[in-house]
Engineer: 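Next up is a structure, given as structure tokens.
By convention in this document, chain letters (A, B, ...) are assigned in the order of the sequence lines, proteins followed by strands, and residues within each chain are numbered from 1. Because only heavy atoms are used, hydrogens play no part in the values below, and waters and symmetry mates are left out as well, while side chains stay in.
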Number of protein chains: 2
Amino acid sequence: MWQCQGVKPPAAPAGAVRQGSLRELNLALVLGRIADARRPPSRAALAADTGLTRATVSAVVEDLVAGRLVTEADPTPRAGAGRPARGLMLAGNGPAGLGLEINVDYLAACVVDLAGQVRHHTVHRSDLRPVSPADALGRLAELAARARADADAQDLTLAGAALGVPGLVDGSGQVRLAPNLGWRDVPVPDLLAQHPPLTETVDGVPPLVVDNEANLAALGELHAGAAPGSFLHISGEVGIGAGIVLNGALFRGTRGWSGEIGHIPVRPDGPPCRCGGRGCLELYAGQEAILSAAGLAGADLPADRASTRLTQLAAAEHPAVLHALAEAGTAIGVTVASVVNLLDLDTVVLGGGYASLTGWLRPPVLAEIERRVLTAAWSPVTVRPATLGATAAAVGAAGSVVRRIIAQPGGWLARL
Amino acid sequence: MWQCQGVKPPAAPAGAVRQGSLRELNLALVLGRIADARRPPSRAALAADTGLTRATVSAVVEDLVAGRLVTEADPTPRAGAGRPARGLMLAGNGPAGLGLEINVDYLAACVVDLAGQVRHHTVHRSDLRPVSPADALGRLAELAARARADADAQDLTLAGAALGVPGLVDGSGQVRLAPNLGWRDVPVPDLLAQHPPLTETVDGVPPLVVDNEANLAALGELHAGAAPGSFLHISGEVGIGAGIVLNGALFRGTRGWSGEIGHIPVRPDGPPCRCGGRGCLELYAGQEAILSAAGLAGADLPADRASTRLTQLAAAEHPAVLHALAEAGTAIGVTVASVVNLLDLDTVVLGGGYASLTGWLRPPVLAEIERRVLTAAWSPVTVRPATLGATAAAVGAAGSVVRRIIAQPGGWLARL
DNA sequence: GCTATTTGTTCAGTGGTTGAATTAAATGAC
DNA sequence: GTCATTTAATTCAACCACTGAACAAATAGC
């Protein structure tokens, strides 16, 4: 049976620091440096970088190599005198992560290895709104099985999986509300229980983690792009969600429901929203709102085609579309200004359907930021498109699995 | 010379984990448990709590006692069989923190000991707007000297100081902008350089840290009140600031300028604000705005008297005041709804001048939250007044010094 | 007074890091 | 071609801090 869990506890580093913890912490430290380095570092470089002794680094690396997390690069053609360094890099054939995504009109599965390479990627397009949750998850399990077979064929060991859904997920992996999918209180763990298990738990984390797709997309951007330690990632899908990355970690909020940016009030006295509020951002910059303002309301485009169509029309300078995007950008800008005033972030990433529209959305967003952010003069804010494609959540989900192994290699190594 | 620093680097735990780090981490772990415990725990209880061995706990506690951070409580009159436990508590005569505050119409200094007790507190009232920064800091230095003498007399060792100012502080301790004080680019470190030094650095942190008053007030609330790990603290002074505490730590933002909640747009098309934006929160819930709406605009009250007067009038059910507070509460509620949608916080603390007005502000704030927060149904938000008084920033500043020693006792112990 | 019970300390043992010495492997000068 | 130089990586005794178990201390109950 699959075991599931939505939000892993923050896991404060303040547990008991036992004797073995020392090695565990240094494993994580060295592995992290190897992962973040631009080119394969030598043991000596790692020692100088971390402050550890060369002897300790050697011992730690030996463990990592034995655990198939790190491999030595080819004999390096380095210049200068002295014994040539043997570069260390993340292993391409060790553990890998399985990323899954359910969205309004597609299912996706992908496999990402330790080095962050996407080794498998499948997208299955179909409108899932009329499909029951159980059937939808059944189809997803088929994609997962195919991905797993492909991973096995490539000598990869799946170490866990993460599933992104466009809605609110509680601590037990249950989907409390996914408005655009029409789901409410769907027990994803139970529904997946009948399908074969993915793998055993690693380091106490269950094999499948369910999370909000905006969170996972932000995580994907964190370690795919050259994103800094703190940024806001806005996913413009049918709804609008956001993932908040602070100091290199996703901030999930008290109950895991952070980032509901779509229902931040832009005009408190504006038209009513189905959420019960008034003048929410989604009413001005959601997909329906933009299509409607552009005069494309009845076109009945699939959700993922809508942004493509808008991009084409905007590139052709379609007046109504340009106007609609300017309006949407202004609304996004007002919201982003609030966020930047509150959190002092220096980077905003436009993802999902917004990514390809960045050229038209950025000017009004920046204009609102400059007008409304007190510190804008000293602290310029960068607005840029997401580097991952449409299925960023799936890639981010898979990445979150391998990222956890890199951050806590102890669990994976103990499994051997 | 005083050395200053505005924002301490996040200090990611991911440094080199050397051999001695182990002891350092366990010192912090044990000391933290002693600080958080309701009643003085025994060594055995600490061992059971932390997972360390009794032997290790004994050794760690020996270091802490030798460093005057912990003392043994009186022979405990405990019930039940067995050797009676010797309770451990934070030392009252060890290191202490000096907290300073400059605000629009007062200066404050206080001394807080390890246990969080306020051992000295002085407030000097006078309008500082017409006073030059150099003179203001000179007066503050006098207060600090008096506080220091009092600390010496009580056998306390000042281990550092923090200064709260109502404005933006950069990484070097310079005040970039304090609009309500009329300061701009004031080099606080240089201006204090002529005054005698406070004490030597502890653990690499300079003896004086300059920070935003809203940040320090939030920190004070964090370890004074029964506040949970994550909350938003709103300081209603002449301006409106906020401190954001996430998972038990203050979140400062990329450049240390988080929490500028006063200029979050409430009505994007509203009246112009002097910040350059339109419809900022301060225009609806700032002190001037409330007084003006209440018909008290010309009363020319000192800033700290204004909230007292408003509270009296509200208690007397003065119609215009009640209306003004309802309007302000609604504006605050709209803003808080944005914050909760974004960060999923479950607690909002009303501080500064808002604290005594909580009774009238809370209903409209809660109403807006319930209307506009998507997850409000499953995730109730608590709105409560701050427990610290008007000079919360000074107390919070002093508390931040001792709190750092508790979190990182290694530096203090190494100093001996 | 004796036993049960819980607290706190002592001490040999061990895991993991340290620092210096040693070996390994390549460059470059003569 | 040989050898000094240089940098990389390993080996090894020493050491630091935690572990686990045995032991001493202090009290309640019988």
Engineer: Give the rounded distance in Å between these two atoms: CD of A:E24 and C1' of C:dT17.
Structural biologist: 16 Å

Engineer: What pairs with B:H120 under side chain to side chain contact (heavy atoms under 4.5 Å, CB included), at least two apart in sequence or on another chain?
Structural biologist: B:V111, B:T122, B:A147, B:D150

Engineer: Does a side-chain N or O from A:S42 land closer than 4.0 Å to OP1 or OP2 of D:dT7, or not?
Structural biologist: no

Engineer: With sequence neighbours left out, write down each residue that passes side chain to side chain contact (heavy atoms under 4.5 Å, CB included) with A:E72, or none if nothing qualifies.
Structural biologist: A:R43, A:R86, A:L88

Engineer: Quick one: does any side-chain atom of B:S42 pair with a main-chain N or O of B:A45 as donor and acceptor, under 3.5 Å?
Structural biologist: yes

Engineer: For C:dT9, does either OP1 or OP2 sit under 4.0 Å from a side-chain N or O belonging to B:R43?
Structural biologist: yes

Engineer: Under 4.0 Å, heavy atom to any atom of DNA chain C: which of residues 60-72 of chain B qualify?
Structural biologist: none

Engineer: Check for a donor-acceptor pair, side chain of A:S258 on one end and backbone N or O of A:F251 on the other, with a separation under 3.5 Å.
Structural biologist: yes

Engineer: Among D:dA9, C:dT9, C:dT7, which nucleotide sits nearest the side chain of B:A44?
Structural biologist: C:dT7

Engineer: In this structure, how many angstroms lie between the P atom of C:dT7 and the CG atom of B:L46, rounded?
Structural biologist: 11 Å

Engineer: I'd like a list of close polar pairs between nucleotides 21-26 of chain D and the protein, N/O only, cut-off under 3.5 Å.
Structural biologist:
residue : atom : partner : partner atom : Å
D:dA26  : N3   : B:R83   : N            : 3.2

Engineer: For A:T53, which residues count as a side chain to side chain contact (heavy atoms under 4.5 Å, CB included) partner, sequence neighbours excluded?
Structural biologist: A:A55, A:T56

Engineer: Protein-nucleotides 13-16 of chain C N/O pairs closer than 3.5 Å?
Structural biologist:
residue : atom : partner : partner atom : Å
C:dG15  : O4'  : A:Q19   : OE1          : 3.1
C:dG15  : N3   : A:Q19   : OE1          : 3.0
C:dG16  : N2   : B:Q19   : OE1          : 2.9
C:dG16  : N2   : B:Q19   : NE2          : 3.0

Engineer: Can you name the side-chain hydrogen bond (donor to acceptor under 3.5 Å, both in side chains) partners of A:R119, sequence neighbours left out?
Structural biologist: A:D113, A:Q154

Engineer: Check this one for me: any side-chain N or O of B:S58 less than 4.0 Å away from OP1 or OP2 of C:dT9?
Structural biologist: yes

Engineer: Going by side-chain hydrogen bond (donor to acceptor under 3.5 Å, both in side chains), name the residues that satisfy it together with A:R23, two or more places apart in sequence or in a different chain.
Structural biologist: A:D63

Engineer: Could you pull out all residues at least two apart from A:D49 that satisfy side chain to side chain contact (heavy atoms under 4.5 Å, CB included)?
Structural biologist: A:R33

